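If you're wondering where the values come from, they're calculated on a predicted model, not measured in any experiment. Below, read A as the first sequence line, B as the second, and so on, with proteins coming before strands; counting in each chain starts at 1.
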2 protein chains.
Amino acid sequence: MTKKSEPIERCDSHVIHEDVVNQVRKKMPQEEVLYDLAELFKVFGDSTRIKILWALDEAEMCVCDIAALLNMTQSAISHQLRVLKQAKLVKNRREGKIIYYSLDDEHVQAIFEQGLIHIKEDR
Amino acid sequence: MTKKSEPIERCDSHVIHEDVVNQVRKKMPQEEVLYDLAELFKVFGDSTRIKILWALDEAEMCVCDIAALLNMTQSAISHQLRVLKQAKLVKNRREGKIIYYSLDDEHVQAIFEQGLIHIKEDR
DNA sequence: TAAACATGTGAGCAATTGTTCATATGTTCA
DNA sequence: TGAACATATGAACAATTGCTCACATGTTTA
């Protein structure tokens, strides 16, 4: 989306602290890394998906179970599970007709943890 | 958005593992907590905001600096800074005409860290 | 094999989001 | 005070998103 950074020319005209800007620019990670990071957090940025992840952190569950738990359509859950799987946060295994989902990343809990710390400070 | 969880009645008809569902339901945090968590991650789920946060983790910067760094409009940056401020991730101080922004949460880095761990495993 | 069942998927739609543009607000300095 | 400057903000618009609905896929069992 964002263009490769061209010579400083924006903010209408004046760059206030060119030294700071250049110094920070040197330290910025690759564009792609920041983009991927945003994509990952985007997956966490929906309460349905958060609920699914939290549930799967408690137990392996099939699609129907999750739909019942969250009082949502099987289809809606299935769509979201696809997103979670693409993000490699969730994996599944088949057992007959039933497909069981579980977490595919031991860091999900750690990410939740950090988020909760922030939230709790805001009250 | 989501309704308060009513008696299990979804997934068309059959609940596959009612025991698991009930057990997991007991362990689920309050609806509101999960919602707030999603809201927080939503803020992290945009590459412009990720870049801003990363930059501010390196140095305090004014709006114009950030716009120059990211090669974006002052207005666009200002809008995003508002989002970040509402999420209490960023604070500012005024010095004459110039308003300096900086991180308002020492956990931002920790959250990035966790995200990066996940991303790096996917390669 | 056909019916029943569990899940996946594409199209469509309303809601949300990120940016732009024009302009408002607030500060400094001549 | 008025011009210049730094930032904030509201309206508008295109793009994205999450859900629903209808139906497809794949598995079991009678």
Side-chain angles (χ1 to χ4, degrees), chain A residues 1-3 10-18 20-21 35 38-39 41-52 60-87 90-102, chain B residues 1-3 10-18 20-21 35 38-39 41-52 60-87 90-102:
Chain A
M1 214 104 294
T2 320
K3 283 286 199 312
R10 207 51 186 252
C11 187
D12 301 339
S13 53
H14 304 253
V15 174
I16 310 299
H17 309 92
E18 193 157 358
V20 174
V21 172
Y35 184 79
E39 286 305 300
F41 287 126
K42 204 171 287 181
V43 176
F44 283 88
D46 174 79
S47 63
T48 298
R49 287 193 293 265
I50 287 277
K51 287 176 196 169
I52 293 176
E60 180 187 60
M61 295 177 89
C62 70
V63 179
C64 199
D65 285 347
I66 302 172
L69 173 68
L70 304 185
N71 200 43
M72 289 180 69
T73 301
Q74 171 270 318
S75 177
I77 299 299
S78 189
H79 277 296
Q80 297 294 17
L81 283 170
R82 184 152 63 93
V83 173
L84 291 170
K85 199 173 176 208
Q86 277 169 347
V90 142
K91 66 188 173 201
N92 58 15
R93 69 182 177 87
R94 168 158 243 148
E95 195 169 295
K97 296 183 273 195
I98 303 176
I99 296 181
Y100 291 98
Y101 281 83
S102 57
Chain B
M1 214 101 297
T2 320
K3 282 285 199 317
R10 207 50 188 252
C11 187
D12 301 340
S13 53
H14 305 253
V15 175
I16 310 297
H17 309 94
E18 193 155 359
V20 174
V21 171
Y35 184 78
E39 286 304 300
F41 286 126
K42 203 170 289 182
V43 175
F44 282 89
D46 174 80
S47 62
T48 298
R49 289 192 292 267
I50 288 277
K51 287 176 196 170
I52 294 175
E60 181 187 59
M61 295 176 89
C62 70
V63 179
C64 200
D65 284 348
I66 302 173
L69 172 68
L70 304 185
N71 201 42
M72 289 180 69
T73 299
Q74 171 268 319
S75 177
I77 299 299
S78 189
H79 277 296
Q80 296 295 17
L81 284 170
R82 183 152 64 94
V83 174
L84 291 169
K85 201 177 175 202
Q86 277 169 348
V90 141
K91 66 187 173 200
N92 58 16
R93 68 182 178 86
R94 168 158 243 147
E95 196 170 296
K97 298 182 272 193
I98 302 177
I99 297 181
Y100 291 96
Y101 280 84
S102 57

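With a 4.5 Å cut-off on side-chain heavy atoms, S78(B) and R82(B) do not count as touching. Using a 4.5 Å heavy-atom threshold, the side chains of H17(A) and Y100(B) count as touching. Side-chain contact between V21(A) and M61(B) is present, with at least one heavy-atom pair separated by less than 4.5 Å. Contact check for L84(A) versus Y101(A): no side-chain heavy atoms found under the 4.5 Å cut-off.
Per the geometry, CD belonging to Q80(A) stands 9 Å off C1' belonging to dT17(D), to the nearest Å. Between H17(B) atom NE2 and dT7(C) atom P there is a gap of 9 Å when expressed in whole angstrom units. Rounded to whole angstrom, the span from the CG atom of L81(B) across to the C1' atom of dA6(D) amounts to 13 Å. Going from atom NZ of K42(A) over to atom C1' of dT16(D) covers 8 Å, rounded to whole Å. For I66(B) and dA6(D), the CD1 to C1' distance is 13 Å, given to the nearest whole Å. As a whole-Å value, the separation of D65(A) CG from dC5(C) C1' is 14 Å. The separation between I16(A) atom CD1 and dT27(C) atom P is 17 Å, rounded to whole Å. Atom pair D46(B):CG and dT16(C):P shows a separation of 18 Å (rounding to whole Å applied).
Residues forming a salt bridge (charged side-chain N to carboxylate O under 4.0 Å, His left out) with R93(B) (at least two apart in sequence, or on another chain): E60(B), E95(B).
Partner I52(B) forms a side-chain contact (heavy atoms from CB on, under 4.5 Å) with one of L69(B), D46(B), L81(B), V83(B) and no other, that one being L81(B).
Y101(A) comes within contact range of the sugar-phosphate backbone alone, with a heavy-atom separation under 4.0 Å but no base atom that close. Heavy atoms of K85(A) sit nowhere under 4.0 angstrom from any nucleic acid atom.
With dC19(D), dG8(C), dA6(D) as the choices, the nucleotide that has an atom nearest any side-chain atom of N92(A) turns out to be dG8(C).
Note that SG of C62(A) and CD1 of I16(B) are 5.0 Å apart. Values are rounded to the nearest 0.5 Å.
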### Query
Where along nucleotides 24-30 of chain D does protein come under 4.0 Å, by heavy atom, of base (B) or sugar-phosphate alone (S), with - for untouched nucleotides?
--SBS--
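Panel note: side chain N92(A), backbone I99(A); no donor-acceptor pair is recorded below 3.5 Å.
Phosphate proximity of dT7(C) to R82(A): absent, as no side-chain N or O sits under 4.0 Å from OP1 or OP2.
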Using a cut-off of under 3.5 Å, enumerate the N/O to N/O pairs linking the protein to nucleotides 21-24 of chain C.
from: dC21(C); atom 1: N4; to: S75(B); atom 2: OG; distance (Å): 2.7

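Listed here is the closest heavy atom pair of K42(A) and E39(A): NZ-OE2, 3.1 Å.
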